Every structure is written in structure tokens, then in C-alpha cells.
*Asks:* 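The following block contains the structure, expressed as C-alpha cells.
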Amino acid sequence: MEKATKGLIFDIQRYAIHDGPGIRTIAFLKGCPIQCQWCANPESQKPKPEITFLDKDCINCGTCVEVCPKNAVKLDAHSRLIDRNSCDLCGQCVERCPSEAIKMMGRYITVKDLFEEMATDAPFWERSSGGVTLSGGEPLMQPAFVLSFLKLCKDNYVHTVIETALHAPRQIIKDVLCKADEIICDLKIMNDKQHTSLIGVSNKTILGNLSFLLKSGKPVLVRMPLIPSINNDEDNLKAVGAFLSAGGQKVHMELLPYHRMAQSKYDRLKKTYQMKNILPPTQEEMDQAIKELKKFNITMVRT
Amino acid sequence: MTTQIEALKQRYLSHTPELFPERALLATKSYKKNAGHPIVLMRALAFKDILENMTLFIEKGEFFLGNPSPHGRSPVVCPEFGAEWIEKELDIFAQREADAIAISAENKKKLIKCLKFWKNKSVDSITKKHMPGIAKKAIAGGMITVGGTGTAIGNIPLDYAKVLDKGLNGILIDIQQKIDTFTAVKVEDADKLNFWQAAKISCQAVIVFAKRYSRLAKKEAKKEKDPGLKQELERISDILLRVPARPAENFREAIQSVWLVYVAVHIESDPHAILLGRFDQYMAPFYEKDVEQGRLTKQTAMELMACLWIKCTSMIKLRDESSSKAFAGFPLFQNITAGGQTPSGEDATNELTYLMMDAAELVKTSQPSIGLRYHGKTPDKLMLRAARVIRTGIGYPAIMNDEVIIPKHLLRGATMEEARDYCTNCVETDIPGKTDSRAHSGYVNFPKCLLLALNNGKDLETGAQIGVKTGEFNCFDDFETLYQAFKTQVSFFIDTIVQAYNIVDSIHAQVVPEPFLSSLIDDCIKRGKTRQQGGAKYNFSGIFGVGLSVAVDSLAAIRKLIFEEKIIKPDALMTALKNNFNTDPFVQKILLNKAPKYGNNIDSVDNLAADFTSFFAKDVIQHKCIRGGFYIPELHSVATHVLFGEMTGATPDGRHAGEPFADGLSPSHGRDKNGPTAAIMSVTKIDHVEVLQGLLYNQKCHPTVLESDASLKKFAKYMATFCDLGGHHIQFNVVSRQTLEKAKKEPQSYKDLVVRIAGYSAYFTELNSRTQDEIIKRTELRF
């Protein structure tokens with residue numbers, strides 16, 4: 001019952017200026033069907049809440065050990081561990097931790113509550129012709145919640161944008177995604193074999209959905225993270241250009257330079273960051289890629 | 001930047017701040033010579049002697065002339081105001097941490113000798129003698145400060161339009177007419193004649209001052225080899241023969257006239273915040289006429305204005321050590337107004353409004369900062385232009401909201417036309433040429449008032465009974481009782497400021513009247529009263545509340561954790577506060593993390609901020625000024641949030657002893673975690689209209705927020721939304737943390753780094769390390 005009426009989000013960000021028109025408020029939904037190695041929001045991947053420990057904030061007061069009904073917290077001067085097998089995510093340690101060293105990533109929220117929490121920014125939306133953006137994670141993993149949220153926005157004349165990786169059944173694209181006012185979607189690697197090995201799934205569904213969207217006439221912005229040695233080779237760029245211009249429509253595209261600002265998040269989740277050796281693209285690499293893409297019928301934008 | 005402007009900036013701002021005693025010596029000599037005259041005449045005669053004898057200089061390549069001191073970056077020394085403290089601190093000026101200032105051994109000797117004359121005569125020694133004991137105790141305990149005790153009082157906008165319209169000659173005619181038609185009806189009426197005589201002497205002296213500059217320019221022109229500069233100097237010499245005596249005929253004359261009068265006011269005494277007023281309004285007729293007749297180009301007008309910015313920044317103020325920390329960066333708080341409405345309610349934006357932005361962006365100096373008046377009809381284009389200037393990181397323009405401020409002036413007694421014509425005065429606002437509003441009459445330390453309420457009026461550190469006995473904390477049954485006790489303490493210290501400041505106010509009237517400045521404020525001439533005697537049409541005194549966020553977060557923590565959830569016992573809290581949380585980090589963390597914080601759009605704590613502010617505002621306006629008018633509240637701290645922070649122990653919001661408070665009505669550092677829009681929602685839950693003087697809100701943001709044109713447009717709308725929500729003032733500090741940290745380490749490489757601190761801009765590298773740290777710590781909002 002809870003899952004039908006509530007969505008799982010892990011953050012709300014205010015004064016977002018790069019994710020749709022005007023000043024926007026973004027809800028980040030938790031759970032993603034694909035696992036990119038460069039993911040900047042690793043806390044978004046798992047479709048369940050997670051408890052994280054930030055060692056440097058811990059004052060060793062022992063409250064978490066005391067309150068845990070499952071005895072899942074182990075704490076000494078040097079290490080702080082939560083046994084994820086016995087932890088049932090009851091959240092008591094989070095609630096009682098005085099120093100915010102233990103945090104729950106992800107919370108369930110109703111459509112109405114989420115809307116109300118975001119709509120405190122309504123005066124900024126109105127002035128700037130902004131609105132709400134659903135991002136993630138992958139919003140389309142929670143289609144019923146998203147659909148009902150979009151409807152509430154529409155009833156309140158609030159502009160909506162969804163950011164998606166498009167790895168979802170076509171029916172959800174038609175019934176849910178297309179109900180948003182604008183769509184921002186990802187495109188990463190054209191070579192299917194490479195896509196499968198780096199992201200864990202084939203890109204067939206994604207490309208099929210993207211073709212469908214481009215033809216649908218919906219306002220779409222295609223975004224590609226530019227990652228040196230992963231997807232900035234000429235072959236990939238040419239394939240991207242050819243694919244996007246194949247339908248003959250004017251396509252808007254933005255290149256996002258890969259960054260490593262997520263590394264601390266990986267540490268916090270006790271996950272390994274696999275891209276340590278890859279550097280962000282240089283300005284020349286960015287310019288080169290843009291030049292390559294501009295050879296096709298593509299409008300390159302910068303938000 | 002044009003090379004001439006660049007060179008002028010380098011020449012003026014490369015001077016090391018240095019003290020010269022010339023003005024002090026001339027004033028002393030004059031006072032000795034004229035002893036026995038009524039004070040207002042002695043002041044006028046001293047003013048005349050200084051203007052006729054002081055050393056003048058021309059900085060190569062400047063477009064108009066006038067400096068208050070014999071060198072750039074040299075403060076005016078007024079022993080009439082401060083003699084004791086200057087003598088006492090003379091040896092530390094060059095060594096002190098904030099605003100170090102050089103003085104040669106010879107000049108030091110001369111100054112010491114002349115300061116002897118002022119013993120028991122200067123404002124600082126007289127106020128010290130008459131300061132009530134209760135106020136002395138409160139000042140020593142870090143509860144309040146009292147303004148004007150050793151310096152002149154500024155924050156006053158002159159009537160430049162009148163000077164431009166009729167010239168000082170015209171004002172002299174008005175004065176003469178009053179003298180000629182006067183009939184005394186009261187015993188004290190001779191005061192009026194004395195004032196008019198003094199005003200006459202002063203206006204004539206300023207005309208002579210202009211003629212001296214004219215002669216100097218002519219002399220320099222003869223020597224000048226460069227034909228362009230030679231011609232320029234001859235032209236300046238001609239202009240100074242005509243203005244400010246006569247009405248200005250064109251833009252060049254107008255800017256020279258305004259500037260010379262502006263400088264003269266800074267020689268008569270040493271006030272800060274002599275405001276430049278609505279520059280784009282009073283200068284517009286001259287600009288438009290000249291451009292139409294082909295005498296002036298946009299570019300030239302902009303360069304003349306750039307020169308105004310440079311010359312303003314070259315003027316600095318001498319302060320005592322404690323004030324130099326509180327007001328670090330030598331600021332004179334010069335403020336200039338742009339945009340807004342005409343007296344009839346139309347949009348007042350004109351070409352000069354934009355040229356002001358261009359000039360400021362070109363020279364990037366810290367003074368004068370621009371207050372940009374925003375209202376419903378302000379063009380989007382102007383807001384975008386403002387955003388671009390903000391992007392440079394100079395910290396201004398600050399956005400001032402007409403929709404909130406005009407109603408305040410109606411409540412303060414102005415007519416609708418006057419209210420629409422207000423000018424900015426730092427974050428304060430006033431009706432130009434008609435108001436003596438005495439900002440900085442006193443500051444009250446809110447967080448320490450709360451600490452007193454928790455300890456029956458005794459200072460937690462010293463045990464001294466400096467506040468009211470409001471009862472023991474552990475006997476308070478509920479939060480409301482504590483809240484009342486807190487308000488009682490605040491009320492008591494407001495009374496203390498009023499008692500002390502009214503004495504200061506009266507001393508100024510008797511000891512240091514300003515006949516020249518008073519000639520430029522209505523209705524001084526009409527009433528025959530100096531502004532110190534209440535000659536201004538509108539009179540106020542401002543009381544500033546400091547540390548709102550710390551007080552409110554502390555109250556919210558006590559309400560939730562002690563009275564509602566009972567997680568912490570009163571005694572445990574008091575022990576933790578006394579030990580500065582050293583023995584109990586657990587209590588500190590709970591206070592920090594388990595209670596709501598102002599600045600996150602959480603009603604329970606924001607409403608407390610609104611309720612308390614309303615109490616403060618209502619309390620302040622019940623007090624009367626001795627000049628007529630009443631006290632007005634303000635939520636602005638300039639830099640006293642650092643000073644008071646140093647003098648305040650640990651607080652129940654989890655703040656350590658000695659840490660600075662947040663400035664103005666800004667949320668506490670790092671506590672507004674819910675994004676900038678939520679912070680604005682919190683801040684605007686307070687009724688900004690009820691706080692009849694200014695409220696300061698400072699947001700720091702990373703330059704990336706303003707990187708692209710698209711993001712600039714959004715930023716302009718963001719500022720507009722703040723105004724829609726009823727905010728009085730907002731300003732932005734656009735720098736990266738790395739930049740600031742680097743600047744702290746390598747001051748040499750960042751001399752031009754301008755940073756906004758609480759209502760004024762200063763050069764970052766001239767600030768003391770504590771203030772630098774405080775700026776670095778200020779929440780870097782996740783835009």
C-alpha cells in the first residue's frame with residue numbers, strides 16, 4: 001500500500017538553474033535501473049533507503065549502539081560499522097545521533113507532501129517562469145507516483161520537466177514521461193557492446209525511446225556527459241550525431257563535462273569509485289567534441 | 001579600462017594610508033584665536049581658516065578637483081571630536097591589526113602637542129565625563145555600543161539639487177534674507193542669528209576654497225607639457241571659478257560642484273556616510289542637455305563618473321581600535337542611489353542609471369556602493385545589468401525594494417512625493433536634503449541579552465549584574481516566561497542606549513554644530529537651527545539589533561529541547577555554556593542538530609524571529625529624540641556582529657564563545673542548509689516594513705551561479721522575487737572560497753579584491769584575519 005501512494009526521494013534541491021527553464025526546484029527520486037560507473041549520485045542507485053555513516057562527524061557518544069534494537073551498530077575509536085544484514089532501517093540511530101554522522105539516504109513521501117514541500121518555492125517559479133524538475137535516479141522507475149505528481153502540478157499550473165535515462169518500457173514513456181512539459185534525457189555510448197559492459201544494459205531500449213521522443217514533437221534536450229577515454233572518441237561522437245540527426249528534426253543537445261565531485265559520496269556509501277584515474281575533459285576536448293557534433297543538424301546549447 | 005582612468009586609480013589607491021595633522025593644527029590655531037565667540041561661529045571660523053590655508057593637491061589626470069586631506073588615502077583628523085582617544089592610540093595606529101595607518105615621528109609630535117589643547121573640550125572627553133554609569137557598564141559588558149562618542153555623525157544625504165539649482169550664492173541670499181527680516185521673540189533667539197552668520201561664513205569659505213583650487217589648476221596648467229592635460233587643467237580652472245558659487249550650467253560643472261561641496265562637508269567634521277543621494281536624478285538634466293547639444297558623449301560622462309568612484313575610495317576614515325575592528329576597511333560608507341521612482345511614481349531609470357553601473361564595473365572600487373532601487377516597473381534590462389555588476393564580485397549594487405521602503409517613509413511622516421524620492425544610505429534610506437536620521441546611535445547585543453535572561457541579569461563570565469533581575473532560569477515554568485525575561489533585557493538596553501545617546505546628541509549640539517552641512521539640509525536655514533539643534537525637517541535616531549539569528553536559534557533550541565522534549569536540563573545547559581561546551585560536546589551537538597534553525601523556511605523558528613523583531617521594532621519607536629522625531633529600529637550590524645561575538649560566551653544555539661554572529665538579519669553561518677530560496681522565505685517572514693530603518697540581508701554565492709547569460713537572467717528574477725516577498729534589501733558576495741583563502745595567504749596578489757561585509761564593501765586584504773575568516777565561513781549557498 002505504502003509503495004503505491006508514496007515515492008522514494010533522496011533530495012530536494014532549490015534554486016536549480018540548469019535543469020529546465022527559469023528557477024526550478026528539483027526532486028531527486030531514488031532507484032535506477034542502470035549503473036553508470038561515473039554516476040554523480042551513487043546514493044540514487046538503490047531503490048531502497050540506505051543508512052550512511054560519516055566518520056568525521058562522529059563524536060563517539062555511543063548513542064547509536066545504545067538505541068539499535070538489532071545490535072547492528074559496531075563502534076570503536078577507529079571504525080564505525082553498520083551490519084547491513086541485521087539492520088532493518090528502522091532509523092532510530094539516525095533520529096538520535098546528535099551530530100548527524102548517521103544519515104538516512106532516501107525517504108518515502110506522498111505526492112501531496114512532495115508537492116507542498118517543493119511549492120514553497122512557488123514565488124520564484126512564478127517570477128522566472130520556472131517550475132519543478134523530477135530527476136534521480138530514474139524517475140520512470142516510480143511511474144505511478146510520477147504520473148500522479150505530474151497531474152497535481154498540472155492542476156496547479158506548475159511547469160514540469162523530467163530528467164531520464166530512458167531505460168524504461170515504451171508504455172511508460174507514452175503514459176508517464178510524455179505528460180511532462182519538457183524532457184531532458186541522457187545519451188552516453190552508441191556502441192552497444194561497450195554500453196553493455198560499462199552500464200550493465202543494452203542501449204537498444206534507450207535509443208528506441210529516444211527516436212520515439214524526437215518524433216513525438218515534445219520539447220527534448222539531449223544531454224551527454226563527456227568522459228575522456230570513455231565516450232569522447234570520434235567514432236562515438238559521429239555515431240551520436242548521425243543518430244540524432246537521422247529523423248530530420250532540429251535536436252537540442254548539451255555536453256556536460258564529466259566531474260569527480262561525487263567521490264566523497266562513494267566514500268560515505270562505502271562504495272568504490274572506479275573512475276579515479278579518469279580526468280575531467282579539458283576545454284579543448286570539450287570544444288573538439290562540440291565541433292564534431294555541430295557537423296550534424298544539432299543545436300548545441302549551454303544551460 | 002581607458003589608460004587615463006587606470007592610471008588615476010593606481011595613483012590614488014597606491015598610497016599607503018597615512019595620517020597628517022594639518023587640519024587638526026589649523027583648527028586648533030583658529031579656536032585659540034577666536035576663543036570667546038559663540039560656538040557655532042567658532043566652528044565656522046575654524047572651517048574658514050582650514051579651507052583658506054590647507055594644502056591642496058591635484059592628482060595627475062583627474063577630471064574634477066577636491067580632496068579633504070593633503071594626500072590621497074589620508075583621513076581627516078578632527079580633534080574637536082576625538083582628542084583623548086587619538087592621543088591614547090597614536091602609538092598603535094601603525095601596528096594595529098585592522099586598518100593600520102602610518103604617521104611620521106615629526107607629525108606625531110605636532111599632533112600630540114595640539115591635542116593637549118583639546119583636553120576637556122573634545123566630544124570624546126566630554127561624553128566620557130557625562131556618560132551615565134549604567135551605559136558605561138553595558139558598554140564594558142558588550143551589551144551595547146553608543147554612537148557619536150568620539151566622531152562626527154554622518155548618514156546624511158545633502159540637498160545637492162539645491163546647490164546645482166541656485167549655487168551657494170543662492171543659499172547665501174536665502175540666509176541673508178533670514179537675517180534681514182528677523183525679529184527675536186524668545187530668549188534663545190540670538191542662537192538663530194549666530195547660526196545664520198556662521199552658515200554665511202561657511203558658504204563663503206567654500207567658495208574661496210573653490211577659487212584656491214581654480215588658481216592651483218591654472219598654475220599646474222602652465223607647467224603641464226602634455227597639451228591635452230594642459231587644456232583639461234585650464235578648463236577645470238574655469239569651472240572652479242563658477243561653481244559651486246553659481247548654479248551649474250552643464251554636466252562637468254555639476255559633478256565638480258557636487259564634489260567640492262561633498263569634500264567640504266568632510267573637512268568641516270569627520271562624519272562617515274555623507275551620501276551622494278540620487279545621482280542619476282539630480283544629474284540627469286545636465287547630462288541630457290549636454291548630450292543633446294553635442295557637448296558630452298556617453299563615454300566621457302562615464303569616465304567622469306569613474307573618477308567619482310576613484311576619488312570616493314581614496315577618502316578614508318580614522319577610527320579608534322575597537323571601531324576599526326567593527327568597521328574594518330576604512331570605509332566612509334559612501335553610498336549612491338540608482339533607479340527607483342520619480343516623485344510622481346513613474347519609473348526613474350535613465351541613461352545615467354546604466355552609466356553608473358558601467359563606471360562601477362570599470363573601476364571596481366569599494367566606494368561608493370550603489371543602492372539600486374527596485375520596484376514593479378523597473379526594467380528587466382536594468383536588473384540584468386545589475387546582475388552583471390554583481391557578478392564581478394564588488395559586492396554591489398545592493399537591491400533596495402521600493403515596495404517596502406516607500407511605505408516606511410509614509411509611516412515616518414513623509415509625503416507621498418517625498419517618500420518616492422528617498423535615497424539609499426547604506427541599507428538605511430532617507431529623504432534627501434531633509435533628514436537627519438542618525439543611524440548608528442547604538443547597537444544592542446541580542447544573544448547576550450538572552451544569556452542575561454538565563455542568569456537573572458548577571459554576566460555568565462564575570463558574574464556582574466549588568467542586566468535586569470528577571471528571575472532564575474530553573475524557576476521558569478515555561479518558555480513564555482523565559483521569552484518575556486529576554487524581551488525585558490532587550491527593552492532595558494534599548495532604554496540605556498536612548499538615555500546615553502540623547503546625552504551624546506545634546507553634547508554634539510553644544511560642542512560641534514555644523515553650520516555648513518546644516519545649510520544643505522532643509523529646514524535648517526528656515527528655522528534658524530543647526531541640524532544638531534533639530535533644524536532638519538525629519539529627525540530620527542537609529543537603534544540597531546545585532547545577532548538576531550543567534551538569539552532566535554537559541555530560543556528555539558531552548559523551547560524544543562528544554563521545555564518541550566526535556567532532553568536537556570536547565571542546569572546542564574548552563575554548565576555547558578559556562579564551559580564553552582568543552583566538557584560536553586554531546587549537548588552542543590544536540591543544540592546544533594536537534595533544534596530547528598532560522599533560514600530553512602521552518603515556521604516554528606522563523607515565526608519566533610518575526611515575533612521578536614516586531615517586539616523590538618515597537619519598543620524602539622516609543623522613544624523620542626531630543627531634536628524632535630523618534631527612534632527607529634534597524635536590523636543591521638555593519639561589523640559589530642564580529643565585535644559583539646567576541647564579547648559573548650557560548651550560546652544555546654551551539655555557537656562557541658567568541659565566534660562572530662551572522663550579520664543583519666542573515667541566518668547563522670552554515671545553518672541555512674535548505675538552499676537560498678528557503679533562506680529568503682525565512683528572512684521575509686519578518687515584517688520588513690515595521691522595521692522602519694534598514695534591514696540587511698547578505699548572501700554569498702559562488703561565481704558559477706552567474707556564469708552564463710541564461711543564469712544571469714535567472715539571477716535577476718531571483719532578486720526580483722526577493723522583493724515580491726517583501727524584502728527590504730539584499731546584497732551578494734560573489735567569490736569562491738578558494739579565492740578568499742588564497743587572498744588571505746597572499747594579500748599582495750589580491751589588493752583589488754573587494755568583498756562585501758555587512759552593508760559596505762572593503763578591500764579584503766585590509767581586513768583583520770578574524771573578519772577574513774568570518775567571510776570565508778559565511779555559508780556558501782548551494783545555488
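Everything numeric here is computed off the predicted structure, so don't read it as measured data. Below, chains carry the letters A, B, ... as their sequence lines are ordered, and counting in each starts from 1. Computation of the quantities below employed the complete heavy-atom set of this structure, encompassing side-chain atoms and omitting hydrogens, waters and symmetry-equivalent molecules.
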*Asks:* Rounded to the nearest 0.5 Å, what's the gap from CZ on A/R14 to CG on B/N601? Could you check?
*Replies:*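 A/R14 CZ to B/N601 CG: 7.0 Å, rounded to 0.5 Å.
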*Asks:* Which heavy atom of B/S711 sits nearest a heavy atom of A/Y15, and at what distance?
*Replies:*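 For B/S711 versus A/Y15, the nearest heavy atoms are O-OH, 4.4 Å.
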*Asks:* Do other residues, nucleotides or ligands put more than 12 heavy atoms under 6.0 Å from the NZ atom of B/K713?
*Replies:*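 Check fails, neighbour count at 12 or below.
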*Asks:* Can you say whether A/T25 sits under 4.5 Å from chain B via the side chain, the backbone, both, or neither, judging by heavy atoms?
*Replies:*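 For A/T25, no heavy atom lies under 4.5 Å from chain B.
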*Asks:* B/N593 and A/P98: which non-hydrogen atoms are nearest, and at how many Å?
*Replies:*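 Closest approach of B/N593 to A/P98, heavy atoms only: ND2-O, 2.7 Å.
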*Asks:* Do A/P123 and B/L725 have side chains that approach each other closer than 4.5 Å (heavy atoms only, starting at C-beta)?
*Replies:*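 Of all side-chain heavy-atom pairs linking B/L725 with A/P123, at least one is under 4.5 Å.
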*Asks:* Work out which heavy atom in B/F586 is nearest to a heavy atom in A/I59; give both atom names and the distance.
*Replies:*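 Closest heavy-atom pair between B/F586 and A/I59: CA-CD1, 3.9 Å.
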*Asks:* Kindly indicate whether the side chain of B/T721, heavy atoms from C-beta on, has any atom under 4.5 Å from the side chain of A/W125.
*Replies:*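 In short, these two side chains do not touch, never coming nearer than 4.5 Å.
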*Asks:* Enter the distance from B/T677:OG1 to A/Q13:CD here, rounded to the nearest 0.5 Å.
*Replies:*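 It is 10.0 Å, given to the nearest 0.5 Å.
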*Asks:* Restricting to non-hydrogen atoms, name the atom on B/I680 and the atom on A/F124 that form the minimum distance, rounded to 0.1 Å.
*Replies:*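 Nearest heavy atoms, B/I680 then A/F124: CG2-CZ, 3.7 Å.
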*Asks:* Grab the two heavy atoms, one from B/K589 and one from A/S99, that are nearest each other, plus how far apart they are.
*Replies:*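 Looking at all heavy atoms of both residues, the shortest contact is CD-CB, 3.6 Å.
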*Asks:* Does some side-chain heavy atom of A/I17 sit less than 4.5 Å from a side-chain heavy atom of B/Y718?
*Replies:*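 With C-beta onward as the side chain, the pair stays apart.
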*Asks:* Please classify the contact of A/E95 with chain B as side chain, backbone, both or neither, using a heavy-atom distance under 4.5 Å.
*Replies:*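 The answer is the backbone of A/E95.
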*Asks:* Looking at every heavy atom in both A/P21 and B/K714, which two are closest together, and how far apart are they?
*Replies:*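 Looking at all heavy atoms of both residues, the shortest contact is C-NZ, 4.1 Å.
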